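For reference, the structure is listed below as structure tokens.
What you see is a predicted model, and the numbers here were worked out from it, not measured in a lab. Heavy atoms only: backbone and side chains are in, while hydrogens, waters and symmetry mates are out.
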Amino acid sequence: MRRLLTLQISRTALRLGFAATAAMAAGRLVMGEPVASWLVPLVIALLLAACVAGFAADRAQASAEAAVSIGLRELAGKRLGEMPARRLQALSVGGVIISMQRHPEAVAALVVGHRAASAMMAAGPLLAAVTLFLVSWQAALLVICLTPVMILFFTLIGDAIRRRADAQERAFGRLAGQFADRIRTLPTILANHAMAGEEAKLARRLEAYADNTMGVLRIAFANAGIIDFFASLSIAILAVFLGLGHLKLAMIPGFSYLELWQSLFILMIAPEYFAPFRRFSEQYHAKAEGLAAADALDRLLGIGPVAARALPALDRLSVTLPAHGLIAIVGPSGSGKSTLLRRLAGLEPGAIPMPGFNRLAGGEIAWVSTDAYVPEGTLAEAISWNAGAVGRARLEDAAGVIGLLDDALLPAGLDARLDRGGANLSGGQRLRIAVARAQLSGRTVLADEPTAKLDRETAEAVRRVLLEMSGTRLVVVATHDRDLAAAADLTVELTDDNAIEVAA
């Protein structure tokens, strides 16, 4: 910022020097007076120096904004990486995308561009006023008197543009969230022929965002127009007073008996006085957008951890696990099924209520759920991930049993391309990939609603696979599926009132 402000102040000083020397040269030429041999080269040198300083200042501002946005994005990524799974899952996908892509640039524009414009709004007019004072203190006083009026308009417009920017940010967040959700569920939307309805919903969101954006721009343009109006008005008043003085029609102190170069000097310096105000007005919408982006970033990354529901019954539960078999955790939504499963997997703090399960920590667990990890690559790579070396025949068997090779939305079979994180998969497809991976791994299986989001035939195939695996290893499922629970060797039933029933 110090380097940026130094360059901007240097540019302003050089532009003032250029205006002063150009006015002196033009005034002497018009009046037929001799022009010093050094004056014209000095005018050209000051103009070139002002251009170079302006280029360096703009480049320094762009570099500073890029450094701030990159640093913010790295910090945000680190923050997301440190979040516990429960809190990370509570975040909106669209909100995360906006925060990682759009918000850092908006905040950088606020803390660099707008901050520099604010500083120059004090330094620039001060330099111009001092320069005017050297020729006519009355002219300097005239332009200074208009400053409070412009600041008043900044204050009045600032609150309005901030409200508009907040509304714009919320509209964009809703649009991004809905779009990300629809992309994730696109296979389901296509299968149910609901594309037209979803397209209409997105169009309404987009229209709302466009309306809010135009509202911000209208206020920003009105603000810039007000600055231009007062700048033009002050310059016109100066020109009228100076003209009356030169024509000897009115003797106004500070505007009469001036040489032509002095009058040109005043008229060329006056726009430089208002230039920082104009630049600040251009940055005003950047301030509003930056503040809204900073608030959104704070809400996303600065919120407190998502507290797990207190379930004292889980701390009292004690069930000795068999070496193999199927254990079903059942109960209504919110009773703690997923919490118990996450405790067993070590994904959530709390006492492990099943003796002997500590030996399964680390890489000895195969996790099955709709949020199971899916690497970028082919379907074969996703199934064999973390399962060791697996032959293609075994991959085909594991995928074929649960219908992955017959999926119309994965026409290339094991060679089907999967986006990073499985972004192009439905929840049911992710589940089936996790089941196939668990089948190949040979590890103890923890499955959270393994038959959810599946059609009847596929759900039945998954049940058969889980039962087959339970013959040689331990399989623990949290489920609402009555058929799956009925086939379990041991059932742990949780209730809303923290009661637990264990039945073999």
Side-chain angles (χ1 to χ4, degrees), residues 1-30 35-69 105 108-135 139-140 143 150 220-221 223-225 227-228 230-232 234-235 238-239 260-287:
M1 284 299 297
R2 285 193 295 269
R3 178 170 177 267
L4 173 59
L5 290 175
T6 299
L7 289 171
Q8 290 189 344
I9 291 173
S10 300
R11 175 176 58 184
T12 300
L14 290 169
R15 289 175 61 173
L16 291 173
F18 164 74
T21 53
M24 293 174 62
R28 293 181 182 278
L29 286 173
V30 171
V35 179
S37 59
W38 53 267
L39 191 57
V40 174
L42 180 60
V43 172
I44 297 174
L46 288 172
L47 176 61
L48 293 176
C51 293
V52 172
F55 173 78
D58 291 342
R59 184 170 182 177
Q61 179 173 331
S63 299
E65 290 184 358
V68 171
S69 62
E105 280 75 10
L110 168 67
V111 300
V112 177
H114 180 267
R115 185 180 174 190
S118 300
M120 287 305 299
M121 196 172 65
L126 179 62
L127 289 174
V130 170
T131 307
L132 280 176
F133 189 84
L134 297 176
V135 176
V143 294
M150 288 185 288
F221 290 152
N223 190 28
I227 299 301
D228 287 336
F230 282 108
S232 301
S234 64
I235 295 171
L238 288 173
L260 180 60
W261 75 266
Q262 292 176 310
S263 298
L264 292 175
F265 179 88
I266 293 172
L267 292 176
M268 293 184 70
I269 294 298
E272 296 296 330
Y273 180 88
F274 294 102
F277 292 98
R278 186 179 296 109
R279 176 60 179 165
F280 182 78
S281 69
E282 294 171 356
Q283 288 288 319
Y284 218 71
H285 73 283
K287 173 187 177 182

Next item on the list: List in chain and number order the residues that pass salt bridge (Lys or Arg N to Asp or Glu O under 4.0 Å) with Glu65, two or more places apart in sequence or in another chain; answer none if no residue qualifies.
Entry: none

Check: How many angstroms lie between CG in Leu126 and CE in Met120, if you round to the nearest 0.5 Å?
Finding: 10.5 Å

Checklist line | side-chain contact (heavy atoms from CB on, under 4.5 Å) between Leu47 and Leu14, intermediate numbers included | finding: CA-CA 7 Å; Leu47 176 61; Leu14 290 169; over 6 Å; no

Next item on the list: Measure the spacing between CG of Leu132 and CE of Met268 and express it to the nearest 0.5 Å.
Entry: 12.0 Å

Notebook entry, point to check: CD1/Ile235 to CD1/Ile266 distance, rounded to the nearest 0.5 angstrom?
Noted result: 12.5 Å

Next item on the list: Report the residues that fulfil side chain to side chain contact (heavy atoms under 4.5 Å, CB included) with Ala128, sequence neighbours left out, ordered by chain and then residue number.
Entry: Leu16, Ile269, Tyr273

Check: Pairs in or reaching into residues 115-131: which pass side-chain hydrogen bond (donor to acceptor under 3.5 Å, both in side chains), with residues at least two apart or in two chains?
Finding: none

Distance-only donor-acceptor hits, side chain of residues 18-25, under 3.5 Å, sequence neighbours excluded:
unit_1: Thr21; atom_1: OG1; unit_2: Gly17; atom_2: O; d: 2.9
unit_1: Thr21; atom_1: OG1; unit_2: Phe18; atom_2: O; d: 3.1

Next item on the list: Keeping to residues at least two apart or across chains, list the salt bridge (Lys or Arg N to Asp or Glu O under 4.0 Å) pairs with something in residues 121-130.
Entry: none

Margin query: My understanding is that only residues two or more places apart in sequence, or in another chain, count here; which of them pass side chain to side chain contact (heavy atoms under 4.5 Å, CB included) with Ser69?
Written below: Pro104, Glu105, Ala108

Item checked: Set of residues satisfying side chain to side chain contact (heavy atoms under 4.5 Å, CB included) with respect to Ala56, sequence neighbours excluded -> Leu7

Notebook entry, point to check: Where do Ala140 and Ala129 come nearest, in terms of heavy atoms and distance?
Noted result: CB-O, 3.8 Å

Checklist line | Where at least one partner belongs to residues 263-273, residue pairs that pass salt bridge (Lys or Arg N to Asp or Glu O under 4.0 Å), sequence neighbours excluded | finding: Arg15-Glu272

Margin query: Can you give me the closest heavy-atom contact between Ala60 and Leu4, atom names plus distance?
Written below: CB-CD1, 4.3 Å

Next item on the list: Please list, chain by chain and in numerical order, all residues satisfying side chain to side chain contact (heavy atoms under 4.5 Å, CB included) with Ala64, sequence neighbours excluded.
Entry: Val112

Note to self: My understanding is that only residues two or more places apart in sequence, or in another chain, count here; which of them pass salt bridge (Lys or Arg N to Asp or Glu O under 4.0 Å) with Arg11?
What the structure shows: Asp58

Check: So how far is it from Gln61 CD to Met1 CE, rounded to the nearest 0.5 Å?
Finding: 8.5 Å

Checklist line | Qualifying residues under side chain to side chain donor-acceptor pair (under 3.5 Å), relative to Ser263, sequence neighbours excluded | finding: His246

Note to self: Looking at every non-hydrogen atom in both residues, tell me the closest pair between Leu238 and Ala139 and how far apart they are.
What the structure shows: CD2-CB, 4.0 Å

